[in-house]
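These notes concern the structure reproduced below.
Only this structure's heavy atoms are used, side chains among them; waters, hydrogens and symmetry mates stay out.
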Amino acid sequence: MEFSAKQIATFIQGEIVGDENATVHTFAKIEEGIPGAISFLSNPKYTPYIYETQSSIILVNKDFVPEQEVKATLIKVDNAYESLAKLLNLYEQSKPKRVGIDSLAFVAETARIGKDVYIAPFACIGEYAEVGDNTVIHPHVTIGNGAKVGNDCIIYANSTIYHDCRVGNHCILHSGCVIGADGFGFAPTSEGYEKIPQIGITILEDHVEIGANTCVDRATMGATIVHSGVKLDNLIQVAHNDEIGSHTVMAAQVGVAGSTKIGEWCMFGGQVGIAGHIHIGNKVNLGAQSGVPSSLKDGSQLIGTPPMELKQYFKASIAQRSLPEMQVELRQLRKELNELKQQLNK
């Protein structure tokens with residue numbers, strides 16, 4: 001399929017600079033542009049490529065002013081990255097979708113399957129489970145007894161949704177993720193550890209995306225809740241009875257201990273660790289590898305273990321690099337001080 005600059009500009013409400021009849025049929029990074037491709041420029045580091053790229057159309061922010069001739073047709077928008085996302089979504093939606101239940105899939109007789117659903121070979125849909133309209137179930141997915149998956153979801157290969165858990169509408173679960181495994185609950189005894197049954201569930205609300213091999217455990221009682229619009233990267237652990245506020249995003253290898261409440265619109269960098277039984281406010285930003293032992297107020301922007309303000313953290317990091325020299329200097333000062341004390345005593 002081909003689209004003209006005029007069609008694209010109309011869809012994303014952009015302003016054309018150049019040939020409105022220029023056409024594209026594919027996407028490309030600006031540094032790897034080819035004729036017939038559309039690219040985008042939002043990071044100033046990539047500005048030099050706009051003058052040499054072979055892409056036919058480039059999305060740029062409205063404040064972009066070229067310093068030399070640009071051969072490609074430009075479409076100016078408020079936010080080039082957001083506009084690219086809209087186009088990519090349009091591209092995905094234009095792809096033909098398969099429907100139907102493959103003969104090699106297992107679907108329990110009591111399961112309820114919506115309209116225009118695709119269930120791939122070797123997927124397993126348990127007793128009384130529900131799958132909503134237009135949802136795509138890839139191979140080797142397991143949806144447990146009584147679990148519910150909403151409309152317009154994509155469940156990728158080898159994902160598992162345990163019994164009685166809930167997945168909302170427009171959710172994406174990537175390969176290998178596990179929704180509703182038992183929370184890590186054991187009672188120590190004189191003979192070892194006795195398992196505490198985890199009788200709660202996990203709830204994912206609408207527009208949630210879960211990365212590959214990420215786990216969201218079921219609650220001991222009640223529910224572990226991931227609210228609408230949350231995006232979790234690969235290899236994340238969300239423990240039992242946690243609650244993740246709407247539109248919060250977490251990068252890979254974040255770990256959240258049990259019974260912690262996290263607010264809305266938070267952003268956690270990779271390998272952030274959150275202690276259990278605490279409360280993280282709304283719009284909290286945590287830098288990579290931060291360790292959080294206690295509750296944080298709304299709007300905090302912190303990094304480190306325990307987390308501290310960004311400026312304080314970087315000052316401390318600079319001082320830390322000087323510690324070996326400071327130790328030598330301190331020993332020398334102690335030696336001189338002791339010599340002075342001995343002279344005064346005499």
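- Other residues, nucleotides and ligands contribute more than 12 heavy atoms inside 6.0 Å of the OH atom of Y51.
- In this structure the side chain of I58 reaches within 4.5 angstrom of the side chain of I30, judged on heavy atoms.
- With sequence neighbours left out, the side chain to side chain donor-acceptor pair (under 3.5 Å) criterion links Q198 to T220, H240.
- Side-chain contact between T23 and H25 is absent, with no heavy atoms from C-beta onward closer than 4.5 Å.
- Residue pairs meeting the side chain to side chain donor-acceptor pair (under 3.5 Å) criterion with at least one member in residues 59-79, sequence neighbours excluded, are K62-D78.
- In this structure, C177 and I210 approach most closely via the heavy-atom pair CB-CG2, 3.9 Å.
- Under a hydrophobic clustering in which Ile, Leu, Val, Met, Phe, Trp and Tyr are joined whenever their side-chain heavy atoms come within less than 4.5 Å, directly or via other members, I137 and I161 fall into the same cluster.
- Between the side chain of Q7 and the backbone N or O of S4 there is at least one donor-acceptor pair closer than 3.5 Å.
- Side-chain atoms of D233 come within 3.5 Å of backbone atoms of A252 as a donor-acceptor pair (strictly under, hydrogens ignored).
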Show, in sequence, the C-alpha distance, side-chain angles and deciding distance for N151 and N134, and conclude whether the side chain to side chain contact (heavy atoms under 4.5 Å, CB included) test is met. CA-CA 6 Å; N151 302 327; N134 304 307; 5.6 Å; no
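- Applying side-chain contact (heavy atoms from CB on, under 4.5 Å) to V238 and the options V216, T214, T202 leaves one that passes, V216.
- Annotation: salt bridge (Lys or Arg N to Asp or Glu O under 4.0 Å) contacts involving residues 267-276, sequence neighbours excluded, are absent.
- When side chains are defined from C-beta on, F3 does not count as touching L87, because their heavy atoms never get closer than 4.5 Å.
- Looking at heavy atoms from C-beta onward, L173 lies out of side-chain contact with V141 at the 4.5 angstrom threshold.
- Considering OG of S228 and NE2 of H247, their distance stands at 4.5 Å, rounded to 0.5 Å.
- Within a 6.0 Å sphere centred on CD of Q13, other residues, nucleotides and ligands contribute 12 heavy atoms or fewer.
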Tabulate below the donor-acceptor pairs under 3.5 Å that side-chain atoms of residues 331-344 make, not counting sequence neighbours, or state none.
{"unit_1": "Q332", "atom_1": "NE2", "unit_2": "E336", "atom_2": "OE2", "d": "3.2"}
{"unit_1": "N338", "atom_1": "ND2", "unit_2": "R334", "atom_2": "O", "d": "3.2"}

Under 3.5 Å, which donor-acceptor pairs link side chains of residues 180-192 to any protein atom two or more places apart or in another chain?
{"unit_1": "D182", "atom_1": "OD2", "unit_2": "K195", "atom_2": "NZ", "d": "2.9"}
{"unit_1": "T189", "atom_1": "OG1", "unit_2": "E191", "atom_2": "N", "d": "3.2"}
{"unit_1": "T189", "atom_1": "OG1", "unit_2": "G192", "atom_2": "N", "d": "3.3"}
{"unit_1": "T189", "atom_1": "OG1", "unit_2": "G192", "atom_2": "O", "d": "3.1"}

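- No path of Ile, Leu, Val, Met, Phe, Trp and Tyr side chains, each step under 4.5 Å between heavy atoms, connects I179 with Y162, placing them in separate hydrophobic clusters.
- Other residues sharing the hydrophobic cluster of F106, ordered by chain and number and joined by side-chain separations under 4.5 Å: none, the residue standing alone.
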Donor-acceptor contacts, no H, no angles, side chain residues 35-46, under 3.5 Å, sequence neighbours left out:
{"unit_1": "S39", "atom_1": "OG", "unit_2": "A28", "atom_2": "O", "d": "2.7"}
{"unit_1": "S39", "atom_1": "OG", "unit_2": "S55", "atom_2": "OG", "d": "2.6"}
{"unit_1": "N43", "atom_1": "OD1", "unit_2": "K45", "atom_2": "N", "d": "3.0"}

Ignoring hydrogens and angles, write down the donor-acceptor pairs under 3.5 Å from the side chains of residues 262-286, residues two or more places apart or on other chains.
{"unit_1": "Q271", "atom_1": "OE1", "unit_2": "Q289", "atom_2": "NE2", "d": "2.6"}
{"unit_1": "Q271", "atom_1": "NE2", "unit_2": "Q253", "atom_2": "OE1", "d": "2.5"}
{"unit_1": "N282", "atom_1": "OD1", "unit_2": "E264", "atom_2": "N", "d": "2.8"}

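- Without hydrogens or angle criteria, D242 side chain to T260 main chain gives a donor-acceptor distance under 3.5 Å.
- Hydrophobic clustering, with ILVMFWY side chains joined whenever heavy atoms are under 4.5 angstrom apart, groups I57 together with L84.
- In this structure, CE on M250 lies 6.0 Å from CG on L232, to the nearest 0.5 angstrom.
- Atom SG of C153 and atom NE2 of H170 lie 8.0 Å apart (nearest 0.5 Å).
- Between the R218 side chain and the G200 main chain, a donor and an acceptor come within less than 3.5 Å of each other.
- The cluster map of Ile, Leu, Val, Met, Phe, Trp and Tyr, joined by side-chain heavy atoms under 4.5 Å apart, puts L88 and F11 in the same cluster.
- The two residues H227 and G245 have their closest heavy-atom pair at CB-C, 3.9 Å.
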Donor-acceptor list for residues 108-119 side chains, cut-off 3.5 Å, not counting sequence neighbours:
{"unit_1": "T110", "atom_1": "OG1", "unit_2": "E127", "atom_2": "OE1", "d": "2.3"}
{"unit_1": "T110", "atom_1": "OG1", "unit_2": "Y128", "atom_2": "N", "d": "2.9"}
{"unit_1": "Y118", "atom_1": "OH", "unit_2": "R98", "atom_2": "NH1", "d": "3.3"}

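- From K231, atom NZ reaches atom NE2 of H207 across 7.5 Å, with rounding to the nearest 0.5 Å.
- Annotation for I172: hydrophobic cluster partners, listed by chain and number, are I154, Y156 (ILVMFWY side-chain heavy atoms under 4.5 Å, direct or chained).
- A donor-acceptor pair under 3.5 Å is formed between the side chain of S175 and the backbone N or O of A157.
- When all heavy atoms of H174 and A212 are compared, the pair lying nearest together is CB-N, 3.5 Å.
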Anything under 3.5 Å between a donor and an acceptor, one on a side chain of residues 301-329, the other on a protein residue two or more places apart or in another chain? List them.
{"unit_1": "T305", "atom_1": "OG1", "unit_2": "G291", "atom_2": "N", "d": "2.9"}
{"unit_1": "S317", "atom_1": "OG", "unit_2": "Y313", "atom_2": "O", "d": "3.0"}

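- Between the side chain of N241 and the backbone N or O of G258 there is no donor-acceptor pair closer than 3.5 Å.
- I203 and V256 are assigned to two separate hydrophobic clusters, defined by single-linkage of ILVMFWY side chains at heavy-atom distances under 4.5 Å.
- Among I75, V60, L59, the one residue that satisfies the side-chain contact (heavy atoms from CB on, under 4.5 Å) test with S83 is L59.
- The side chain to side chain donor-acceptor pair (under 3.5 Å) test applied to D217 returns Q237, not counting sequence neighbours.
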